[in-house]
Number of protein chains: 2
Amino acid sequence: MTTQLILLDDHVLFLEGLNSILSGEIGIEILATAKNGLELLQLLEQGHKPDIIISDIRMPIMDGIVITKMFKTKYPSISIIALTMLDQESDVIEMLDAGAKGYIVKNADKKELIEAINMVAQGKYYLSPRFAAIYEEWVTKKQVSIGTQLTRRERQILELLVRGKSSLQMAKQLHLSRFTIDTHRKNIHKKLGIRNNIALVRHAQKWLDIRE
Amino acid sequence: MTTQLILLDDHVLFLEGLNSILSGEIGIEILATAKNGLELLQLLEQGHKPDIIISDIRMPIMDGIVITKMFKTKYPSISIIALTMLDQESDVIEMLDAGAKGYIVKNADKKELIEAINMVAQGKYYLSPRFAAIYEEWVTKKQVSIGTQLTRRERQILELLVRGKSSLQMAKQLHLSRFTIDTHRKNIHKKLGIRNNIALVRHAQKWLDIRE
DNA sequence: TGCAATTTACCCCAAATGATGTATTATGAA
DNA sequence: TTCATAATACATCATTTGGGGTAAATTGCA
């Protein structure tokens, strides 16, 4: 029984490399490759039915997380393995939350990739060893819910943060203690798995649709 | 006459993919691959004499720019082709200054890569067509920058800041003192009349078209 | 009504940033 | 070659942020 794949990555060289690596493998068949989410959707509409899609997370037009979320409802039978450079931990959590079945770093080797494909093909999950720890920690801390599950106050403070307000400024504006603001700010950090305000602002802009 | 290569990239999957793509080509021989600068140096000390090294720019231990600069004096007969994600414009400029003979984006395809190898093997230069566009854009931005007279270093640091890097992280990445980074950052503040990093990031996104 | 979640407020301490300087070494253009 | 600009590096000191807590009052909803 062969596992049928579609590969998705905006870096063509990487895509071709991956194709070259995998196409020699027994039990694996590359149906097609796509450079972006739109190409991927076209392939599926053309009737391709892969078992697994291996997708980069960070892509310009439609990123892996968006795609994964969409697939969860539109193509629930197709599993997704996420590929990443890993320079941002929170990506891991978001991707898994979005419904990815596997998570691999680009620092991994062919062997690990094939293992991941086989695991996921069997309906199991595969997490790059590096991430197991991160995810474990996340779960045990009961920080399972992310993103949209900020409380009203937290969201308000995040909005002010995005506008460049300091804790003290917010405290004055909201007639609260600066300690309170700090508590909220740090709770937001924890919930989102982000450890500085700049990353927080960018996350808010990208995912929470908080702008100005 | 075959062109002998060593490949250098910290992302093993990419490295293996590249190897897989190129090793089938006539006229090209892969002598070895290396995951970081140290491995590369060891290979050379062991007597490998490649014509060309294809190297990623961004790497943790010793980045492509450092390597290229070093090779210019220590192994002047070896040409270097730089590979990049091109998520940071200023890398292009730096790499060019450092003395790379070729410049390819990872969005390129196999055909372009091989063309680049052949060009460089013949002693010519090869620049990815995208590079031309980026370079053009970069130059015009530099000239048109009336409201935003940031120097090239300042712009580079602002780009990193937008990506959420701290002063210390930038210092490591750019091989500079953290004091230097701070000086630049504070000079940017003054020039733009902005008093904190978050406002700076938003200004950069809005007015300077610096994103990710 | 009762209990969980939220909001508020504080502690300590480390690290990073912001403000204001000085100063030396490249570098590039006139 | 000179001279301005850019890039580098550091000092000092105040403020802000980040990470780890604790704990009260309030709110909302089952």
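The basis for the numbers below is simple: all heavy atoms, side chains too, and nothing from hydrogens, waters or symmetry mates. Every chain is numbered from 1 and lettered A, B, ... according to where its sequence line falls, protein lines coming before strand lines. Note that the structure is predicted; figures quoted are calculated from it, not measured.
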Is the shortest side-chain N/O distance from [X] to OP1 or OP2 of [N] below 4.0 Å?
X	N	answer
B:N196	D:dT16	no
A:T183	C:dT7	no
A:R153	C:dT8	yes
A:H184	C:dT8	yes
A:S177	C:dC10	yes
A:S166	D:dT15	no
B:R185	C:dG18	yes

Item to check | A:T180 (side chain) and C:dC10 (base): donor-acceptor pair under 3.5 Å | outcome: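 No.
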Checklist entry - Are any side-chain N or O atoms of A:D109 and backbone N or O atoms of B:L13, one a donor and one an acceptor, separated by less than 3.5 Å? => result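 It does not hold such a pair.
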Next on the checklist: Any side-chain to backbone donor/acceptor pair from A:Q169 onto A:S166? Under 3.5 Å, distance only.
Outcome noted: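 Yes; judged by distance alone, with no hydrogens or angles, the pair exists.
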Separation of atom [atom1] in [X] from atom [atom2] in [N], rounded to whole Å:
X	N	atom1	atom2	value
B:I181	C:dA15	CD1	P	19 Å
A:N187	C:dT8	CG	C1'	11 Å
B:Q169	C:dA16	CD	P	9 Å
A:F179	D:dA24	CZ	C1'	15 Å
B:I198	C:dT17	CD1	P	11 Å
B:I188	D:dA6	CD1	C1'	13 Å
A:K172	D:dT15	NZ	P	12 Å
B:L161	C:dA16	CG	C1'	12 Å

Next on the checklist: Heavy-atom nearest nucleotide on DNA chain D for A:R152 versus A:N197: which residue maps closer to 5'?
Outcome noted: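 Taking each residue's closest nucleotide, the earlier one in sequence belongs to A:N197.
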Next on the checklist: Of the listed nucleotides (D:dA9, C:dT8, D:dT17), which one gets closest to any side-chain atom of A:D182?
Outcome noted: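 When the side chain of A:D182 is considered, D:dT17 is the closest of D:dA9, C:dT8, D:dT17.
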Checklist entry - At what distance, to the nearest 0.5 angstrom, does CG of B:D56 lie from CG of B:D9? => result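 B:D56 atom CG to B:D9 atom CG measures 4.0 Å (nearest 0.5 Å).
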Checklist entry - Would you call B:E115 and B:K111 a salt bridge, using N to O less than 4.0 angstrom? => result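 Result for this pair is no, no salt bridge flagged.
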Next on the checklist: Check this for me: does any side-chain nitrogen of one of A:E154 and A:R185 sit under 4.0 Å from a carboxylate oxygen of the other?
Outcome noted: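 The answer is no: the pair does not qualify as a salt bridge.
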Checklist entry - Looking across every strand, which nucleic acid part, if any, lies under 4.0 Å from B:H189 by heavy atom: base, sugar-phosphate, or nothing? => result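 The answer is sugar-phosphate, as B:H189 gets under 4.0 Å only of primed atoms, P, OP1 or OP2.
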